[in-house]
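For the numbers below, each heavy atom of this structure counts, side chains included, while hydrogens, waters and symmetry mates do not. For ligands, and for the atoms within them, numbers begin at 1 and follow the listed sequence.
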Amino acid sequence: MSSKDSTNSTTSITGSMNPIDSMTVLVTGGCGFIGSHLVRLILRERPNWRVINVDKLTYAGNPENIPDVNNATKPSRYQFVQADIVDGQAINALFDSEKIEYVVNLAAETHVDRSLIDSAPFLRTNVEGTRVLLEAATHYGISRFLHVSTDEVYGSLGPTDPPFTEQSPLEPNSPYAASKAAADLLARAYHRSYGLPVLITRCGNNYGPYQFPEKFLPLFITNALDDQSLPLYGDGQNIRDWIHVEDHVRALLQVLEKGIPGEIYNTGAGEEHTNQRMAEWVLDILKKPRSLIQLVKDRPAHDRRYGLNVTKIQNKLGWRPSIPLGEGLGVTVSWYQDHRAWWERIKSGEYSNYYRQWYRDRLAIVPQ
Ligand code: NAD
Ligand code: DAU
C-alpha cells in the first residue's frame, strides 16, 4: 500500500484548519444517534481537534441531531460532508484534500428488523462501505482507525452463560449482525494484512436522546406518551445489556486515544434486564398503565440474551460507565417528553410506512 498520492477531489470542502494546533478526525455516521453524541463530545472536550462528519443522511441520519454543533461551532472546527461511505471516489477525494489522522467508523444500517425485510442495504453499507474506508485509510496513511462494531456479532447467550468476552466466537444470527461481523473481521484483517492501526469496539444496547424511534426504548417511550400499545416481542423475556450513549461515546474516545491497535474492546454497563422489565419501567416513570404492553409475534431468530464482560476496557484503559440505568432512563424519558416535535416529525414521515408494514401482523391496532 502506498502513502498519500494525488487524486482529483470530487467533494467540495469548505472551512480551513489551523495546521499548528489541529488534529483531524473523520467521523462517519455523525448525524445518527451515537455519532451525534460523539461529535458533540469531541468538539466539547478536545478543543484542538477538528471533526469532519461524513454522513449519507439515510432515513436514520438527521442534521437536527446536532443543532448546537451546526449553529454554534466555528466552521473551522466542524465540517459536514454529505457522502456515502460506499462511494470510493468521494471518500478518496476527502482523504486527498484533508490530512485525516483518526477515523471513527459509525456509519451503518443499524435496525435488525429492517435487515430481516431487506438485507441488501446492510451488506452494501456495513461491509462494502467499511472496506472503502479501510482501503482509503490504508492508502493515505492514518494514525488510528476505530471501527465501531457491536455485541450482536457474538450471537446469543443462554440464561446461565457467562457474558461474552473478546475471545467468544462470532455467531451472528440476523443479517444485520452478520454484516457487522463481516465488517469487524475485515477491519481486523486490514490490521493483520497491511498494518493499519485498527481498533474495534463491541458495545451493548445504547439508549439516550436522539435515538431513532424504531428502536425499542424510544419506540416504547413515544408510544406510551401517545397512549399507544407497546409491541413486546415473543414472551418479553429477552435480555439486553443497556448503556447510556454518553458512557459509550466516552469509551469510544478512550479507545481511540489509548487503545492498542489490533485489539478489541467490549463495552457495556452490566445492566442486563428483560424487555418486559424495561417496558414496565418506562410505563412506571410515565405513570401509564401496564395494560399498554401488548405481547406480539416474535422477531425471527430473536437473540435471547446479550451480556458483556468488560474487564479488559476497565483494566487496560480505566474506562467505567458513570450513568446508572435508573437515572439515565428517567432523564431519557424526560428528554422524549420535552422533544415531541423531534420524534413526531420522524414518526409521521417515511417511518410510518415501515411501522405499518412491520407491525401490521403484530399489533391489533396499527395507525392508518
Ligand atoms: P443510527 O442508525 O442512528 O445512525 C447511522 C448513521 O449512519 C445515520 O446518520 C445514517 O445516515 C448514516 N449512514 C448510513 N448509511 C450510510 C452510508 N452508506 N454512508 C454514510 N452514512 C451512512 O445508528 P446508531 O445506533 O447511532 O449506531 C452507530 C454505529 O454503532 C453503528 O455502526 C452500529 O452498528 C453501532 N452500534 C450501535 C449500538 C446501538 O445500540 N445503537 C450498539 C453497538 C454498536
Ligand atoms: O446490542 C447492540 C445492538 O442493539 C446494536 O448493534 C443495534 O444497532 C441496535 O439496534 C440494538 O439491537 P437490538 O435488536 O437489541 O435493538 P432493538 O431496539 O431493535 O430491540 C431491543 C429489544 O427489544 C430486542 O430484544 C427486541 C425487542 N423489541 C424491539 C422492538 C423494536 C420489542 O420487543 N419490540 C419492538 O417493537
Side-chain angles (χ1 to χ4, degrees), residues 27-38 53-63 65-66 81-87 90-91 104-116 121-122 124-126 128-130 132-133 147-154 156 172-174 176-177 179-180 183-184 201-208 210-220 223 229-243 245 248-249 252 267-268 274-276 278-279 293-299 302-308 355 358-359 362-363:
V27 175
T28 71
C31 292
F33 166 48
I34 300 170
S36 61
H37 285 273
L38 179 67
N53 171 14
V54 170
D55 198 299
K56 182 181 175 183
L57 297 183
T58 66
Y59 77 91
N62 185 352
N65 292 359
I66 37 179
V81 178
Q82 183 171 2
D84 186 336
I85 58 166
V86 176
D87 182 348
I91 297 301
V104 186
N105 182 29
L106 292 128
E109 292 290 339
T110 61
H111 194 38
V112 172
D113 294 336
R114 288 188 194 246
S115 81
L116 291 158
F122 289 76
R124 184 184 178 279
T125 288
N126 301 1
E128 174 62 7
T130 299
V132 166
L133 290 167
H147 178 71
V148 182
S149 188
T150 168
D151 64 355
E152 297 209 14
V153 299
Y154 294 122
S156 187
N173 291 315
S174 69
Y176 162 70
S179 70
K180 291 294 291 186
D184 181 312
T201 54
R202 296 177 182 154
C203 188
N205 284 62
N206 285 225
Y207 70 96
Y210 297 109
Q211 186 168 28
F212 195 90
E214 66 191 351
K215 305 284 170 27
F216 172 73
L217 273 177
L219 176 66
F220 276 32
N223 275 15
S229 297
L230 313 189
L232 191 59
Y233 295 162
D235 63 2
Q237 298 311 301
N238 301 65
I239 292 171
R240 295 292 181 267
D241 187 345
W242 294 97
I243 180 171
V245 63
H248 182 198
V249 295
L252 293 179
T267 311
T274 65
N275 294 335
Q276 181 172 342
M278 296 298 287
I293 295 175
Q294 193 181 325
L295 289 181
V296 300
K297 188 172 113 188
D298 209 349
R299 165 190 283 178
H302 190 179
D303 287 334
R304 193 64 175 167
R305 178 183 156 224
Y306 301 144
L308 286 158
Y355 192 80
W358 181 256
Y359 291 99
R362 291 184 161 79
L363 279 172

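Of the options Asn105, Asp87, Thr125, the smallest heavy-atom separation from atom 16 (C) of ligand 1 is shown by Thr125. When the heavy-atom distances from atom 14 (C) of ligand 1 to Gly61, Ala108, Gly29 are ranked, the shortest goes to Ala108.
There is a side-chain donor-acceptor pair under 3.5 Å between His302 and Asn238. Side-chain polar atoms of Tyr154 and Asp303 form no donor-acceptor pair below 3.5 angstrom. Checking Tyr176 against Glu152 by side-chain atom types alone, no donor-acceptor pair falls below 3.5 Å.
Here's the thing with Arg124: none of its N/O atoms is less than 3.5 angstrom from an N/O atom of ligand 1. Considering backbone and side-chain atoms alike, Asn206 places an N or O below 3.5 Å from some N or O of ligand 1. For the pair Leu106 and ligand 1, the shortest N or O to N or O distance falls below 3.5 Å. For ligand 1, one of its N or O atoms has an N or O atom of Thr58 under 3.5 Å away.
The nearest heavy-atom contact from the protein to atom 3 (O) of ligand 1 is Phe33 N, 3.0 Å. Protein heavy atom nearest atom 21 (N) of ligand 1, with residue, atom name and distance: Lys56 N, 3.0 Å. For atom 11 (O) of ligand 1, the closest non-hydrogen atom of the protein is Asp55 OD1, 2.6 Å. Nearest non-hydrogen protein atom to atom 26 (O) of ligand 1 is Ile34 N, 2.8 Å.
At least one heavy atom of Gly204 sits under 4.0 Å from some atom of ligand 1. Ligand 1 lies out of reach of Thr28, whose nearest heavy atom is not under 4.0 Å from it. Within the structure, the closest approach of Cys31 to ligand 1 falls below 4.0 Å when heavy atoms are considered. For Gly30, the heavy-atom gap to ligand 1 stays at 4.0 angstrom or more. In this structure, Tyr59 does not count as a contact residue of ligand 1, since none of its heavy atoms falls inside 4.0 Å of the ligand. Under a 4.0 Å heavy-atom criterion, Pro121 is not in contact with ligand 1.
In summary, the atoms of ligand 1 found under 4.0 Å from a heavy atom of Thr150, numbered by their order in the structure, are 43 (C), 44 (C). Of all atoms in ligand 1, numbered sequentially from 1 with element shown, those under 4.0 Å from a heavy atom of Asn205 are 40 (O). Close approach to Leu57 involves these atoms of ligand 1, each under 4.0 Å from a residue heavy atom: 11 (O). Near Asp84, meaning under 4.0 Å from one of its heavy atoms, ligand 1 places the atoms 17 (C), 18 (N), 19 (N). Taking a cut-off of under 4.0 Å to the non-hydrogen atoms of Ser149, the atoms of ligand 1 that pass are 43 (C), 44 (C).
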Worked check of side chain to side chain contact (heavy atoms under 4.5 Å, CB included) between Lys215 and Thr110: CA-CA 10 Å; Lys215 305 284 170 27; Thr110 61; 2.9 Å; yes
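Of the heavy atoms in Tyr176, only side-chain atoms (C-beta onward) come closer than 4.0 Å to ligand 1. Neither the backbone nor the side chain of Arg202 comes within contact range of ligand 1; no heavy atom lies under 4.0 Å.
Ligand 2 is surrounded by Thr110, His111, Val112, Asp113, Thr150, Asp151, Glu152, Tyr176, Cys203, Gly204, Asn205, Glu214, Lys215, Phe216, Leu219, Phe220, Pro231, Leu232, Tyr233, Asn238, Arg240, Asn275, Arg299, His302, Tyr306, Tyr359, each with at least one heavy atom closer than 4.0 Å.
Taking the six-membered ring wherever Trp is involved, the centroid distance between the rings of Tyr59 and Phe212 falls below 6.0 Å.
Screening Asp55, Leu57, Asn53 against Pro63 for a side-chain contact (heavy atoms from CB on, under 4.5 Å) leaves a single residue, Leu57.
Note: Phe216 and Phe220 have tilted aromatic rings, judged against thresholds of 30 and 60 degrees for the angle between ring planes.
For Ile34 against Leu252, the heavy-atom pair with the smallest separation is CG2-CD1, 4.3 Å.
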